[in-house]
Each structure stands twice: as structure tokens, then as C-alpha cells.
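Please read the structure below before turning to the comments.
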There are 2 protein chains.
Amino acid sequence: MKAPQVRSPRKPKGQGGERREEILDAALRLFSDKGLQTVSTRQIAEAAGISQPALYAYFATKDDLIAELCVRAFAGLAARMEAGKADWSPTPEAFDKAMRVYIDFGLEQPDAYRVAFMIEKSHDGSFLARTGGRPMAAGVETFKAFAAMISDLHAHGLTAEDDPLRLTQTLWAGLHGLVSLLIARPEFPWVEREALIAGHIAMLRRGALTS
Amino acid sequence: MKAPQVRSPRKPKGQGGERREEILDAALRLFSDKGLQTVSTRQIAEAAGISQPALYAYFATKDDLIAELCVRAFAGLAARMEAGKADWSPTPEAFDKAMRVYIDFGLEQPDAYRVAFMIEKSHDGSFLARTGGRPMAAGVETFKAFAAMISDLHAHGLTAEDDPLRLTQTLWAGLHGLVSLLIARPEFPWVEREALIAGHIAMLRRGALTS
DNA sequence: AATGATAAGTTATCAGTGATAGATTATCGC
DNA sequence: GCGATAATCTATCACTGATAACTTATCATT
């Protein structure tokens, strides 16, 4: 029967006390530079100034570390969406603005976007299996905010589709297609990027809203 | 100065003489079951009835093997697109049909689709680096056929966009978004699939063509 | 039919991966 | 100082993709 001691916060060996943050920072930098697959746990550990097994005191698996980075980045997206809600109104202009928030997020946080929507869980369920659906849940949250906007447009009779949920899903797919292709195939001979994004949003608007 | 001997076809040890085909067949089955990442070269070799290093007599790397599978599958898509050209006409109905050919291909050949459009080359260029852009080239070919259709529609004044190339790219992105999300996130609470696809195509049509 | 050349396949091995076990060191309350 | 525990390290495991060196089967030719 052990005494229920108070887990007093204690400074680790390293330095300030934020080992976990240091690891996440180092990992994010490496992932952004070289991609998720090619970065090894040993490289992360070295960049964080610790030994490789020490990582496993803070993260159960490499995937858990990645998922954590993803969840944090999505918190940023949620914040942006929330901020955008301030000047929301059921108008085509606000629609365009919301689309661009999503696209900008994906292109600015490609690693987070990858983990959330582009990396597959293995068929036998290794990746993200015990991670539950944490990063996915973060994405679902964003999706809900999205669905609310579309429902609002639908309620005002501005949508060209009777089922707002279905419309939300097709719009999301439309956005995801551009973001994921730009991330995965940057070397493709795309037309000028700004024009591409603007054209894409315009196409989605024409397809989703009544003219 | 070696005599330019005739490389007479010779039966290998194994059986019929189609070792390479046997390997590709075994690999495709395994990849479809368990995903690209989790299947090891040893598993492929065992399924093909040879030792693991023997694979490297036929494929320089595992990625080359994957790329080969992709190229073959894309030949199938090219064939479908070509077949679809038979009853092509610059009409909304034909547009819908072409969209569906693409979506159906992606959903029926998810492994090929993954390799062609969803798997990223590592930033430092390991994957598909020496593979050149073979599978990518196969995709580009498909893209061209697509661009031809859009240009035809544009020439007949049916498009809602002045730049047919940009429109082709946004449409492709729109298609890719649905296909890749359905492949990567099948567990997401989608609306009924057929209605989703039909709705997606309808949205793309309204966004791309004049009503 | 025996021969040399070559293709096809083998076993043994390498460096690198994610992850675990057990010993070791630092830091705490007392 | 003391014991307890958190934090970290070294050593190691099973497995990965890939290579080297050797052996065996098949061929064209004599």
C-alpha cells in the first residue's frame, strides 16, 4: 500500500523542463524538411538532444508523436475557423473566404494536413489504431464547423443542392483534392497558384450555390 | 569484343517462365490486402515462391515494383478513357460520364491510384527519384485526355471559365479529392456512396459548365 | 555428350528501423 | 545524509530493404 504521494513537478535533467515540447519542436522541424517517412526516431532524438529510447518515455510510438503534432496544428485551424465566424454571413463572399481559410491552412501546415487526411491507417490497423482517431477527431471538428456554414446557406435558400450534409461532403472533397494534390505533387506543371486557387474556389461556389 | 549473341528466351527454373508476372501478381494481391507499407519484400517473395533477394533480379527496388504495378493499372485507365472517347460529344451528359470513369477507376484500383497520386516522393528524393516519373507520366497521359475533353467543351462555349487548362486542373483536383478521401478515410460517416458520387459530379458540372 | 558462358537462384550478411529490457544517474521529500 | 522514484542511458531485439558471393540450371557450340 503505497503512500499517495503528491507528484510534485520536477525539472528534468536536460534544461528548462519542457522535454516533451523540445521533442515535438525538433520533430516538426525534421518532418517539415524531410517528410514523415524518412525521419527516424534516432534523428528526432539527436535533434532533441536525448537518446532514442528516451522518446518512448514521452510517446508510446512514433505515430503517437506524429498524431500529437497533428492535433496541435488542427487546434490552429479550429482557431482560424472560429475567428472567421466573427464576420460570417450567409453570402457568396463569406463562402469564398471560408474556402480559402481551409486551403491556406493545408498549404501552410502540410505535415499536419498529411497526417489528418492523407496518411492511411494500415489495413490491419497498425497506424492510428491505438491512437484511436485523435487527429481524425480534430478533423471532424473542423468538418462540423464547415457543415454549420453550409446549413446556414441552405437555410437561406442559397444552395444548389437539397441535402446540405451531402453538399458539405462534396465541397470538402473538392477542397481536399486541391490541397492534397498541391502537397503531394508540387512539381506538376500547375498554372499559377493564386489563379488556380481562385479558380477552384470560384468553381466550387458556382457548383454549390445558386447563381 | 563480344559476339552479339541472340538472347534466346529461356525457361527459368521455377515453372512456366513468367517469374516477373508471378511476382507482380503476388505483390498486387498482398498490397490490396494489407497496404503498401506493411507488406515486406520477404512476404512478396514467399508468396511468389522464391527467396527475397531474387526479387532484385527483376526489380531494382521495392518502389520500382510498386511503380510497375501502377503503370499497368494506368494502362487500364487509359484504355477506359479511350473507349469512352467513342461516344464522346461536347455535352453535359458526356461530361458526367467522363467524370465517372475517373472516379470508378480510382475506387476499383485503389492501390494503383495511391501510388500514382497519393504517395509522396520523399523530400530528399528517395521515392520515385530514380524511378523517374514513370507512374506520374502515366497519370499525365490521362490528364491530357481529360484536358482535350475540356478544351472541346470550351471550344463549343459550354464552359463557365475562360482558361480551359486551369479549369481542367481544378476539375481534376475536384475528382481527386473525392477519390482519395474515399480511399484514405473509408470509415468516415459518408452519406450513401452512390448519392455522394452523383452529387459530387453534379456539383462539378454546375461549377464547370454554363447552365 | 562434354564444355564454357551466362542466367537464375540461393545463403549469408549489412546497415538502418521502431521498439523493449534492465541497469544507471539525477532529483526529490524527509 | 537517506530511500524512493522519475528520467535517462546502454545494449539489444526482431524486422526492414538491399547487396555480395557462391551455386545450380540452362543454353549454344564443338
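We name chains A, B, ... by the order of the sequence lines, and we start the count at 1 in each one. Quick caveat, the model's predicted, so the values are computed rather than measured.
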- Message: Taking the ring centre of each residue, are Trp172(B) and Phe143(B) less than 6.0 Å apart?
- Response: yes
- Query: With a 4.5 Å heavy-atom cut-off, do Asp64(B) and Thr61(B) have their side chains touching?
  - Reply: yes
- Below 4.5 Å, heavy atoms only, C-beta onward: do Phe95(B) and Leu153(B) meet side chain to side chain? yes
- Message: By the 4.0 Å heavy-atom rule, please label Ala57(B) as base, sugar-phosphate, or nothing.
- Response: nothing
- Query: Is the distance from OP1 or OP2 of dG9(C) to the nearest side-chain N or O of Arg19(B) less than 4.0 Å?
  - Reply: yes
- Task: Indicate whether OP1 or OP2 belonging to dT8(D) is found under 4.0 Å from a side-chain N or O atom of Ser51(A).
- Result: no
- Query: Where does the angle between the aromatic ring planes of Phe117(B) and Phe74(B) fall among parallel (under 30°), tilted (30 to 60°) and perpendicular (over 60°)?
  - Reply: perpendicular
- Return the orientation label for the Tyr102(B) and Tyr113(B) ring planes: parallel under 30°, perpendicular over 60°, tilted otherwise. perpendicular
Distance, rounded to the nearest Å, where [X] contributes [atom1] and [N] contributes [atom2]:
X	N	atom1	atom2	value
Ile66(B)	dT16(D)	CD1	C1'	13 Å
Tyr58(A)	dA6(D)	OH	P	12 Å
Glu46(B)	dC15(D)	CD	P	13 Å
Glu22(B)	dG9(C)	CD	C1'	14 Å
Leu65(B)	dA18(D)	CG	P	10 Å
Ile50(B)	dT24(D)	CD1	P	19 Å

For residues 42-53 of chain B, dump all side-chain donor-acceptor pairs below 3.5 Å to protein atoms at least two apart in sequence or in another chain.
residue	atom	partner	partner atom	Å
Gln43(B)	OE1	Ser40(B)	N	2.8
Gln52(B)	NE2	Thr41(B)	OG1	3.0

- Its contact letters, B for base, S for sugar-phosphate only and - for none at protein heavy atoms under 4.0 Å, make nucleotides 12-19 of chain C read B----BBB
